[in-house]
Structure formats: C-alpha cells, structure tokens
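In what follows, a structure is listed as structure tokens, so that the remarks can point back to it.
Convention: sequence-line order gives letters A, B, ...; per-chain numbering from 1.
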There are 2 protein chains.
Amino acid sequence: MPTRVPQERRRRRPTRAGVLLSEDLIVETALRLIGEHGPEALSVRRLGTALGCDPSALYRYFHGTDDLVLAIADRIIGDAMAGFVPGDDWVAGLREMALRVRAGYLAHPRAAAFASYRVTRRENEIRAVETGIALLLSAGFAPADATRLYLTFIDTVLSHAAMDAAFQALPRQQRDADHQAWQDVYQRLDPASYPALTGVRQELHTMGNSSFEEAVELLLEALAGRAPARRAPEPDPHSSN
Amino acid sequence: MPTRVPQERRRRRPTRAGVLLSEDLIVETALRLIGEHGPEALSVRRLGTALGCDPSALYRYFHGTDDLVLAIADRIIGDAMAGFVPGDDWVAGLREMALRVRAGYLAHPRAAAFASYRVTRRENEIRAVETGIALLLSAGFAPADATRLYLTFIDTVLSHAAMDAAFQALPRQQRDADHQAWQDVYQRLDPASYPALTGVRQELHTMGNSSFEEAVELLLEALAGRAPARRAPEPDPHSSN
DNA sequence: TCCTTGCGTCAATCCTGTTGACATAAGGCG
DNA sequence: CGCCTTATGTCAACAGGATTGACGCAAGGA
C-alpha cells in the first residue's frame, strides 16, 4: 500500500513546480480552493493542480478523500471556537455560541456538510458542552433540565448549521434553481387548490433564506420562558459560570 | 436533447429484461437500493442494472441525477403526509406534521441524509407547505409572519429529522460507541476543569437520546407565545390578513 | 561517497454522469 | 388489418472522478 501517512516528516522534497508539500499546506490550499471556486471545485485532481503536484502525491499525506475532509473539518472546529469566553448573560452566551458554530460551518460548507454527521468527543467539543451546560445551570435550571435542554439547544444549532452548510455545498446551478423555485413554481399555483399559499404569495421569497437566526431566537425565547429564575441581574451565587 | 420527461406516458415499452419502467418504479427501486446498500450505492448505472434497463433509459424519465434525487425526496414527503388532515388545534396539527415527517425520514434513514435540505418543487412538498402555512394562518399570524415562521418550523423539523436519520444510518457499532461515550469519556473528566459537567454527571446519559420531541415542543411553545390571537375558535373574518 | 528510503510522478484501472445516434415496437389512424 | 409516426429502450463514446502499483529521483545519514 502506498498510502502510509507518517506523523512527522523529515525528508522534504519539492515537487516539480518547486513546492514543499505539507499537511497544513494541503488543508489550507483545499480551503482556498473551496472559497474561491465553490465547494464543487475540490477534487483530488484539481487540488493537485493547485498545489503544483501530481494528484497521487496527496495520498502520501491522507488515506483518501474522507481523511482529507476530516482534517479540514478538524481545523474548522478549532477556528470557530477559538477564544470564546461567555459573559454574564446566559441567553447572549448561548446565542453567540450558536452563531459561532454556524459561521464556522458556513465558512467551509462542503467540509461541514460532510462532518456534521459525526461526533468528535475531542477537547473542543467537551469544552463546548461544559460551556453550554454551565450557561444553563447559571440560568437556574436543575441539572437534569440543563442537560436535556442543552442537548436540544446544541442539536438544533448543529442540525440547522449542517443544513445551511449542505445547501451551500450544492453546485451553484442547483442552489439557484432551488432558490428560484419559490418565485416560479410556487407563484403559479391554482388558488382554489392552494388557498393558504396563494394568500402568502407575496412573502414566499423569504422561503429561500436561512431560518437559522429565527430558530435560535425562538428556542432562546422558549428557554427563557421556562427558566425558573425570571429576574437574575445578580448573577453571583458564589461560583459564577 | 434526448431528455424530455413528458408528463404522461401512453406508449409503454418493456426493457430487454421485460420490465415496464415508470417514474414510480424507478423511485421505489432507488429507495430500495439506498436502503440496502447505502447512499453511495445510488448511481445511474447501478440503478439501471437493478431495474434491468440501460442506464441512459432513466434520462427519459428524469433530467438528471438531481431531478431523480428531488423525486425521491418528494416521495418520502408524500408517504409521510399521506392521509393527514389537520383538526382545529393548530399546535396539535403542527406537532403531528413534525412527527410524521420524522417518521418518514426514519423509514429511509440513508436517503434522508441528502434529501432533507432540497426544495423538491413537486406536488407532495407543495401540499405540505400549503398545510403548514394554513395552520399558522389559522393561528392568527399575518402572512409575512406565517411564512417566516413556517420556514423556521419546517427547517427545524427537517434538520432534526435528518440528524436523527443520519444517526440511525450509522453502523450499530459506531452508534453504540457514540452512546457509550457519554458514560465513558464524559464521566472521567477533571472536576476542576469541568465543574458544570461534573455537576450534571448523573444526567449525561440522556445526551445519547434524540432531542426531537423536546425541540418541537420548545418551538411550539415559542410559537404559541407569539401567536396574536390566543383564543380564536371563530376563525372567519373572511379575507384574513 | 554511497546507500537507503521518502516521496513525487506516471500510467493504468475502474468508477461516475451524460449524450447523440440508432433501432424497435406501440398504438393511432386509415 | 396494416402502415407510419414516434416514444422510448439500447449502444457506444466521452470527459472527468478516485485510487493504486511501479518507477525513479534526490535528500540525508553513515
């Protein structure tokens, strides 16, 4: 098997084009490719061309496309959560968490769409769970409620973000077609068969947008409504979190 | 262009293997293929083999792979919503809609992964949108609000259902491992570094469950809280706006 | 200086979707 | 009943995808 992927490299040999390959360089180039030419531009052949090396050279660094995508996803998670420190307001804290996760996913949709199905169990994820549950505990929820509600919160955020990312990862043609559908197909419906849709015809263009923020706001509203301590401007029953 | 996809077929001609092709048969075979051998098993060539016809024959029925995918997604929606007639209670109606969609996705876990974020533009989807928006209009929401909130509702339902389906589609080994993680990794954390997680240690087993119902309930709670007319059993000031 | 070996390159294999040309039979119509 | 149109299944070909085994260059230790 020619695919070995060692952990450290000592002997570096430039490609014919004079580039020194490395795992970091490959991941960065892949992200640049996706950013510049859309998610569908990422293929082993194109990546090889962009790097100035033979496509098969990448198999010295990654076992296959999956491995490469996971490496990219790993980097995205790290970047998204970097430097996040929640403040006193638990609602604001959860909101920023949600937006950060989504921004990280949307920045690299194809990788996110692929990786959102998996659970990492790594340090970044554990820290995020700690942060989120701490926020809900600080809101006054009992441990059982805080745990269950955190699960609901993060699942909503992750699944919505994954959905947005998956949509972004579609080829531009299909994305535009899906978007256009709300102004084409849905505008020409028979009013007798579809009275409700006819009544909101003017508003259907919003169906092409993302509902992420609204979903998060509705969820936070419901959480705030369920929180046992409605007023807590004194956020310090000893260990503040 | 050989791809024309007429709406009705009069002349049916059996394939060399003696099969009478039809859009329904193709979609059903595709779902069976995906269910048996995973989403990556769906290719035009394999589908042709499974149907006993030349791969290119499928282009008489679908404009391309994307069109086929949309047809599959729409079939799942149609099966899920078949026979659903909402009653008076709009909250109950949305709840049942959510549960139906989820059940439909869980019935085809591997297809759900790529079908959940598409706009099918087909009849079953249109009918579902009509039903949902009618429910929100009956709750007293203005057209713009009803449209936006329906989008939020259905996106939450779809993305959560897709996530559940993706988890179901994992091999049992991996599923069990994810479940077990909450009782392994997360039980052995350093209390000083992870005080919140340590405090809810007893409850973490619930993290392996689905949060679908809770997410829907929270969303419905928030919607009920925003509904303009709390009590409106008289729903007919004719042209509601 | 030489020998090992990491690793970039090449060529080949087997997939994929898609399409233009072709053939054949279904079914309307005389 | 038979012909003719044409819908539709088949075939062959093309472009581009992932992946891999063989090859050979050159980096670096000895």
In the 5'-to-3' direction, what one-character label does each nucleotide of nucleotides 10-17 of chain C receive under the scheme B = base within less than 4.0 Å of a protein heavy atom, S = sugar-phosphate only, - = no such atom?
-> B-----BB
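Here D:dT20 presents its C1' atom at 14 Å from NE2 of A:H63, a figure rounded to the nearest Å. Rounded to whole Å, atom C1' of C:dT18 lies 16 Å from atom CZ of B:F62. The distance between atom CG of B:L25 and atom C1' of D:dT8, rounded to the nearest whole Å, is 15 Å. Across the protein-nucleic acid pair, A:Y61 atom OH and C:dC7 atom C1' stand 7 Å apart, rounded to whole Å. Taking atom CG on A:L20 and atom C1' on C:dG6, their separation rounds to 13 Å, with Å as the unit. Per the geometry, CG belonging to A:L58 stands 13 Å off P belonging to D:dT20, to the nearest Å. Between the CG atom of A:L47 and the C1' atom of D:dG17 there is a distance of 14 Å, given to the nearest Å. With rounding to whole Å, B:L21 atom CG is found 9 Å from D:dT8 atom C1'.
Remark: B:D164 engages B:R102 in a salt bridge (charged side-chain N to carboxylate O under 4.0 Å, His left out) (not counting sequence neighbours). Residues passing the side-chain hydrogen bond (donor to acceptor under 3.5 Å, both in side chains) test with A:Q183: none are found, sequence neighbours excluded. Remark: B:E214 pairs with A:R148, A:R226 by the salt bridge (charged side-chain N to carboxylate O under 4.0 Å, His left out) rule, at least two apart or across chains. A:E203 pairs by the salt bridge (charged side-chain N to carboxylate O under 4.0 Å, His left out) definition with nothing, not counting sequence neighbours. Partners of A:Y186 by ring-ring contact (aromatic ring centres under 6.0 Å, His included), not counting sequence neighbours, listed by chain and number: A:W182. Listed by chain and residue number, B:H37, B:R46 satisfy the side chain to side chain contact (heavy atoms under 4.5 Å, CB included) test with B:A41 (two or more places apart in sequence, or in another chain).
Residues from residues 27-37 of chain A lying near DNA chain D, meaning a heavy-atom separation below 4.0 Å, are absent.
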Going through the distances and angles, do B:S22 and B:D24 end up as a side-chain hydrogen bond (donor to acceptor under 3.5 Å, both in side chains)?
-> CA-CA 5 Å; B:S22 72; B:D24 277 352; 5.7 Å; no
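Counting atom types as modelled, A:R60 pairs a side-chain N or O with a base atom of C:dG8 as donor and acceptor under 3.5 Å.
Here C:dA23 is the nucleotide among C:dC22, C:dG8, C:dA23 with the atom lying nearest to any side-chain atom of B:R13.
Although no hydrogens or angles enter the test, the distance criterion places no donor-acceptor pair under 3.5 Å between the side chain of B:D74 and the main chain of B:T120.
Within the structure, the side chain to side chain donor-acceptor pair (under 3.5 Å) test picks out the following pairs touching residues 150-160 of chain A (sequence neighbours left out): A:D155-B:S211, A:S159-B:S159, A:H160-A:S211.
Taking for each of B:P14 and B:D66 the nucleotide of DNA chain C with the nearest heavy atom, the 5'-most of the two is the partner of B:D66.
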